[in-house]
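So you know, we letter chains A, B, ... as the sequences are listed, proteins then strands, and number each from 1.
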Number of protein chains: 2
Amino acid sequence: MPAIELLVRMLSRRDVLSEAERQRIHALPFREKLFAKGESIVVSHTEPQESCLLLSGIAGREIILEDGGRQITALQVAGDFVDLHGLVLKRMDHGVLALTDCQVANVAHGELIKLGEDMPHLMRLFWLSTLIDGAIQRNWTASMGRRNALSQLAHLLCELYLRLEVVGLAKDGQMRLHLSQLVLADVLGLSAVHVNRTLQSLRRQGLVEWLGSDVTIRDFDKLAELSDFDQTYLNLIRLPR
Amino acid sequence: MPAIELLVRMLSRRDVLSEAERQRIHALPFREKLFAKGESIVVSHTEPQESCLLLSGIAGREIILEDGGRQITALQVAGDFVDLHGLVLKRMDHGVLALTDCQVANVAHGELIKLGEDMPHLMRLFWLSTLIDGAIQRNWTASMGRRNALSQLAHLLCELYLRLEVVGLAKDGQMRLHLSQLVLADVLGLSAVHVNRTLQSLRRQGLVEWLGSDVTIRDFDKLAELSDFDQTYLNLIRLPR
DNA sequence: CGTCAGATTGATATTCATCAAGATCGGTGG
DNA sequence: CCACCGATCTTGATGAATATCAATCTGACG
């Protein structure tokens with residue numbers, strides 16, 4: 001599968017692509033690049049000239065506070081067009097970090113702008129991709145503000161499961177999440193210790209198994225109920241946009 | 001000032017608009033509408049056919065949880081293009097509520113799409129507007145996750161001050177925020193009681209005065225320092241986008 | 001075999017929520 | 001003009017959720 005096909009797949013999940021659009025996307029020139037776990041994919045406060053499509057691995061947007069505290073504000077998985085933001089925002093207000101080894105395809109901003117001007121519908125779909133990020137973000141905000149640690153973690157697992165399923169990386173309740181509890185803590189805004197105890201609670205209730213990086217959702221429905229999960233926000237519907 | 005001029009002003013703060021673009025925006029047909037405090041501007045899970053530009057007042061995006069808890073995930077002020085989301089996302093995953101009396105200008109989606117197709121640069125600026133919303137959201141996430149109530153509130157006040165200043169609604173440290181502490185609590189993900197005590201602390205430190213709906217920032221720099229505020233994310237820079 | 005990152009555990013400290021009771025304030029009807 | 005009303009703000013007391021600190025344990029890997 002050519003790298004860029006993942007993008008077609010992600011967009012096709014949300015709208016119908018014409019043959020011409022498909023071809024233009026496949027014609028996009030890109031540079032493949034590898035990042036080891038812990039490396040910065042995009043550095044905060046810089047002005048990137050390319051946008052990167054995540055081909056494999058998990059990346060996180062991070063905001064580092066003055067006191068050294070870190071908040072991961074988003075998780076990106078394969079198929080996500082990480083950093084379309086830079087295309088329009090220019091100067092990054094946050095960094096993107098490889099949370100596992102990551103493979104990305106870099107596409108020059110100029111190419112994307114040209115593509116968008118030629119095919120407004122595709123530009124709207126790129127826009128859509130960032131809006132879905134926004135919708136996810138809103139739901140994280142709701143989780144952090146109004147859910148307890150248990151529901152918050154459960155909600156995150158439901159979300160990640162569905163997102164990975166879309167790109168074929170989750171099935172039958174199973175997925176790989178190579179994330180340490182410390183990273184999870186920075187995602188949820190909790191302490192690592194509390195994440196540990198919260199996870200144990202999910203395990204004790206028989207809802208989740210988490211061995212190394214292999215996660216098994218034992219009972220998605222119960223998990224969804226526990227966390228008041230409503231998947232509307234993931235926009236997993238094919239609509240004319 | 002014609003209602004739609006606010007939009008021109010908001011965009012001009014981020015990029016240069018050509019005369020042609022200006023004219024096309026002014027030619028946009030719109031319907032003005034009033035919402036009383038407490039009314040829904042956009043109802044969750046519906047599919048709006050128009051996008052609304054907020055002309056005056058304050059609106060909030062809200063997510064209601066099963067247990068009745070509410071999280072306000074964003075505040076919108078005059079000049080904000082509330083609900084451009086609906087244009088591309090179609091089905092709303094959240095509602096927009098008038099937190100004060102609000103005056104809005106509704107523009108049909110069809111008109112916006114046409115405008116965007118004719119003028120790709122304008123479409124990018126609409127996109128930009130939603131990306132700035134996203135950047136703000138990210139920073140709220142960081143605040144909720146990693147800042148204590150005091151810093152979080154201080155951070156919010158710095159942000160609102162700058163955003164209102166852009167549209168001429170804040171000056172010399174003063175702004176009007178007709179928001180109850182209960183609303184503030186739902187914004188910050190705290191209890192109303194705790195918001196009250198946190199506010200008192202800001203007052204005691206001589207950083208903020210809050211009388212009725214008149215807010216005075218006594219010392220913006222200290223407030224910014226206290227909350228580790230970095231305005232990069234508001235994108236208050238005129239750049240070719 | 002030693003090392004190191006990550007997971008786990010227990011004890012204690014903080015922050016924040018909850019509950020319940022006044023105090024205040026702006027607006028409204030008589 | 002005044003009395004009253006509901007909404008909002010304020011305060012105190014108590015409890016729950018989560019953070020912090022400090023060990024210990026585990027498993028992968030050179």
So what does A:A149 touch, heavy atoms closer than 4.0 Å: a base, only the sugar-phosphate, or nothing? sugar-phosphate
Any chance CD of A:E225 has more than 12 other-residue heavy atoms, nucleotides or ligands included, within less than 6.0 Å? no
Does some side-chain heavy atom of A:R146 sit less than 4.5 Å from a side-chain heavy atom of B:D186? yes
With a 4.5 Å cut-off on side-chain heavy atoms, are A:N106 and A:F30 touching? no
Would you say B:W140 and B:E159 are linked by a side-chain donor-acceptor pair, where the criterion is simply a distance under 3.5 Å? yes
How close do A:L190 and A:Q152 get, heavy atom to heavy atom, and via which atoms? CD1-OE1, 4.2 Å
Over 60° means perpendicular and under 30° means parallel, so classify the ring planes of A:Y233 and A:H155, tilted if in between. parallel
Note: contacts of residues 198-216 of chain A with DNA chain D (heavy atom, under 4.0 Å) are none
Any side-chain donor near an acceptor of the partner, A:D133 and A:T130, under 3.5 Å: no
Among residues 174-190 of chain A, which ones have heavy-atom contacts with DNA chain D below 4.0 Å? A:G189, A:L190
Taken to the nearest whole Å, CZ/A:R197 to C1'/D:dA17 is 12 Å
Closest-nucleotide mapping onto DNA chain C: is A:K37 or B:R147 further toward the 5' terminus? I mean the 5' end. A:K37
Within a 6.0 Å radius of atom CZ on B:R218, are there more than 12 heavy atoms belonging to other residues, nucleotides or ligands? no
For atom NE2 of B:H194 and atom C1' of D:dT18, their distance in whole Å: 13 Å
Nearest whole Å is fine: how far is D:dA19 P from B:R146 CZ? 7 Å
Between A:Q71 and A:L65, is there a side-chain heavy-atom distance shorter than 4.5 Å? no
When you check the side-chain N and O atoms of A:S201 and A:Q205, is any donor under 3.5 Å from an acceptor? yes
Span of DNA chain C, from the first to the last nucleotide whose atoms fall under 4.0 Å of chain B heavy atoms: C:dC16 to C:dC19
Between A:Q76 and A:R61, is there a side-chain donor-acceptor contact under 3.5 Å, judged purely by atom types and distance? yes
